[in-house]
Amino acid sequence: MALNAAIAQRLEEIAKMIEVLGEDQFRAISNSRAARNIDALPFDIATIADDKAKLTEIEGIGPKIADKIMEFAATGKMKEHEELKGKVPAGLLEMMKIPGLGPKTVRAIWQTLHITTLPALKKAIEDGTILTVPRMGEKAAQKIKQAMEFAAQGQARLWLGQAVPVAERIIDVLKHKLGKKVKHIDYAGSLRRGKDTIGDIDILIATPDIASAIEAFTAMPGVVAVLAAGESKASVRVRTDVDLSRWDVEDKTGPTVQADLHVIPDASWGAALMYFTGSKEHNIRLRQRALDRGLTLNDYGLFPDDREDTPPQQRGIKPVASRSEEEIYAKLDLPFIPPELREDRGEVELTATPRLIEVGDIKSELHAHTTASDGSLSIEALAAMAKERGFHTIAVTDHSQSSVIANGLKPERLLAHIEAIRKAQEKFLNRSGKPEITILAGSEVDILADGTLDYDDKILKQLDIVVASPHAALSQDGPAATKRLVKAIRHKYVHILGHPTGRLINQRPGLDPDMAKLIAAAVERRVALEINAHWMRLDLRDTHVRQAVNAGALIAIDCDVHAPDDYDNLRFGVMTGRRGWLTPDLCVNTWPAPKLHEWLKSKR
DNA sequence: GCCGTTTTCGGCCCGACTGTTTTCAGTCG
């Protein structure tokens, strides 16, 4: 879906350029909204790029933007975009990416000092000429300088698995310092919605002792800078520390992240939690819905709308609902909407809360490595940990021969490994000789660049489970990737397509296959598509899961265990599944042993 | 530039914080 991304990027840039030129800002908002919606589309826009009627059916796309899409799809150019680029120097768009620098300020800097690049901006801050810009003082200049330095450090967004431990650590610190004075505390934002990357961490607290909360937050360990500390809000930059040893990442200590603490009145906890959880698009949708019902919604509650300028809570108006998210949704005639669904992707049409998958539903791990290839656990240790988690089945799926770096198994070693797995099974039998946990002999077999598998059929047939995954040739083009992966799905011995695109978030984009074709093949062959739960992968991603679920495809959520801690990544895989509206029935890992084993045998 | 069971024209979510101002503009979420 390279076209979706290319169009979205241009529309977003058009929006930014309109803003910096100081032209009609509603036009800017429209372009930006269209860009977001196109980026979130679950299908390739190329398939309807010659059909104006279909294009305008997409939310936020009217006749003008449809024309722009058709023009770009046909010619690879967008005239409006190019004309604006002629008027707006590229450096201005870079400047707007710096936190604290918005369109108005960038425009003012451009108009007064004719500055159009980041280096020139830096120089103007250093020599003080920036102070001649209207409304620009010493403090603002220093803030911009600091923000530029943070931006230069690179990675803007944190991995989900990096951010969650930081948020939990902050909550622990505040709970410890404030004890019983904490009425409510939780994290909100994209973290609570389970997005694969996180911009910043939002912590909400309800407590009578506001001063102590702000003090504890700004003074906690790991804080490198206090950005703001007001009466009801504080912002800091805090260090992250996560073991990244499985992949070779340059900065092993991890970057810093902005964390915001919002102090919330106890009575408006639900309204604030909802507001700060977002998404922005979901909130806008709810506010609109409130207005339609003669109500107005803000972060203090849902109030009767009397069209006064002063906010209702400041005039002592009693809210219709405010204490819990549940009661606010109810007053808006909606079921409770789980945070992972709050993306304005149709959830506001729901009439009942869907029973989404939960961590507790998972009863098996179907993708795990041992010391035979690149894992750190023995077969027995792997199985013991799975049993401890209440799983009925664990699949040992070490790498195949082509994965040389991962110590992949040549056929002879694989055959010996199968024997070792059968032996290990004997150690996990109860008194009546029944398995306490079923240990499957499997393999994570490489899908070679042309779609053939890394072992021949004679070998594959002897395995209880085959997870087929792409590991090399991850930069081949979309059509080649589609052909390759569909061929693997159609292979008679394959059960699961492992990390289908091979992406590493923030590191490499991975394959860009035609998902609709992959899903269709998977549905037909009853092959499960994996959500790899490692937070650097989360592959399938949320939008792909949604597509697969809509088509009725089977999904596997697996931790791709290499070390003991990897089992803990399950929750990130489950969050991604929930973002894709995944219900337990479609997820093979939730199936009871007989049903799972029967499915596996149906491929033999 | 999009959108519409009050509208095909006239709207477009709402509040806190900061810094630069003397009453508010800009940015953010």
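Chain A is the first sequence line, chain B the second, and so forth, proteins listed ahead of strands; every chain is numbered from 1.
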Starting the side chain at C-beta, find the nucleotide from [options] nearest to [X].
X: A/K280; options: B/dC3, B/dG1, B/dC13; value: B/dC13
X: A/R135; options: B/dC3, B/dG1, B/dA25; value: B/dA25
X: A/K139; options: B/dG19, B/dC14, B/dC2; value: B/dG19
X: A/T296; options: B/dC14, B/dA16, B/dG1; value: B/dC14
X: A/A140; options: B/dA16, B/dC13, B/dG19; value: B/dG19
X: A/Y300; options: B/dT27, B/dG1, B/dG15; value: B/dG15
X: A/R287; options: B/dC13, B/dG15, B/dG29; value: B/dC13
X: A/D202; options: B/dC3, B/dA16, B/dG29; value: B/dG29
X: A/I284; options: B/dG19, B/dC13, B/dG1; value: B/dC13

In whole Å, measure the gap between the [atom1] atoms of [N] and [M] for me.
N: B/dC12; M: B/dG19; atom1: C1'; answer: 29 Å
N: B/dG10; M: B/dA16; atom1: C1'; answer: 29 Å
N: B/dC28; M: B/dC13; atom1: C1'; answer: 14 Å
N: B/dT27; M: B/dT20; atom1: P; answer: 13 Å
N: B/dT7; M: B/dG1; atom1: P; answer: 26 Å
N: B/dT18; M: B/dT22; atom1: C1'; answer: 16 Å

To the nearest angstrom, how far is [X] atom [atom1] from [N] atom [atom2]?
X: A/R192; N: B/dG29; atom1: CZ; atom2: P; answer: 19 Å
X: A/K143; N: B/dG19; atom1: NZ; atom2: C1'; answer: 8 Å
X: A/Q111; N: B/dG26; atom1: CD; atom2: P; answer: 13 Å
X: A/K104; N: B/dT20; atom1: NZ; atom2: P; answer: 18 Å
X: A/F276; N: B/dA16; atom1: CZ; atom2: C1'; answer: 8 Å
X: A/R293; N: B/dT5; atom1: CZ; atom2: P; answer: 13 Å
X: A/L261; N: B/dC28; atom1: CG; atom2: C1'; answer: 17 Å
X: A/R107; N: B/dA25; atom1: CZ; atom2: P; answer: 16 Å

> For DNA chain B, whose closest nucleotide is more 5', that of A/D299 or that of A/I61?
Replying inline: A/I61
>> Taking the nucleotide of DNA chain B with the nearest heavy atom to each, does A/P312 or A/P134 sit closer to the 5' end?
In response: A/P312
> Side chain of A/S279, backbone of A/R342: donor and acceptor closer than 3.5 Å?
Replying inline: yes
Taking only N and O in the side chain of [X], is any of them less than 4.0 Å away from OP1 or OP2 of [N]?
X: A/Y275; N: B/dA16; answer: no
X: A/T105; N: B/dT27; answer: yes
X: A/N283; N: B/dC13; answer: no
X: A/S235; N: B/dC17; answer: no

> When you check the glycosidic angle of B/dT20, does it come out syn, meaning within 90° of 0, or anti?
Replying inline: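 What B/dT20 shows is an anti base, its glycosidic angle lying more than 90° from 0.
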Could you tell me whether [X] contacts a base, only the sugar-phosphate backbone, or nothing, with contacts defined as non-hydrogen atoms closer than 4.0 Å?
X: A/I29; result: nothing
X: A/A141; result: nothing
X: A/E138; result: sugar-phosphate

[Y] and [X], any side-chain heavy atoms less than 4.5 Å apart:
X: A/K68; Y: A/N31; answer: yes
X: A/E19; Y: A/D24; answer: no
X: A/K52; Y: A/P63; answer: yes
X: A/V320; Y: A/P304; answer: yes

>> Checking base pairs now: Watson-Crick or wobble, both atom distances under 3.5 Å. What partners B/dT8?
In response: none
> About how many Å separate CE of A/M274 and CG of A/L286, when rounded to the nearest 0.5 Å?
Replying inline: 5.5 Å
> Do the rings of A/Y329 and A/F336 sit parallel, tilted or perpendicular, given the 30° and 60° boundaries?
Replying inline: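 If you compare the ring of A/Y329 with that of A/F336, the planes turn out perpendicular.
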> A/F26 on top of B/dC2's base, within under 5.5 Å and under 30°?
Replying inline: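 One would not call A/F26 stacked on the B/dC2 base.
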> At their closest point, which heavy atom of A/R537 faces which heavy atom of A/R503, and how far apart are they?
Replying inline: O-NE, 3.0 Å
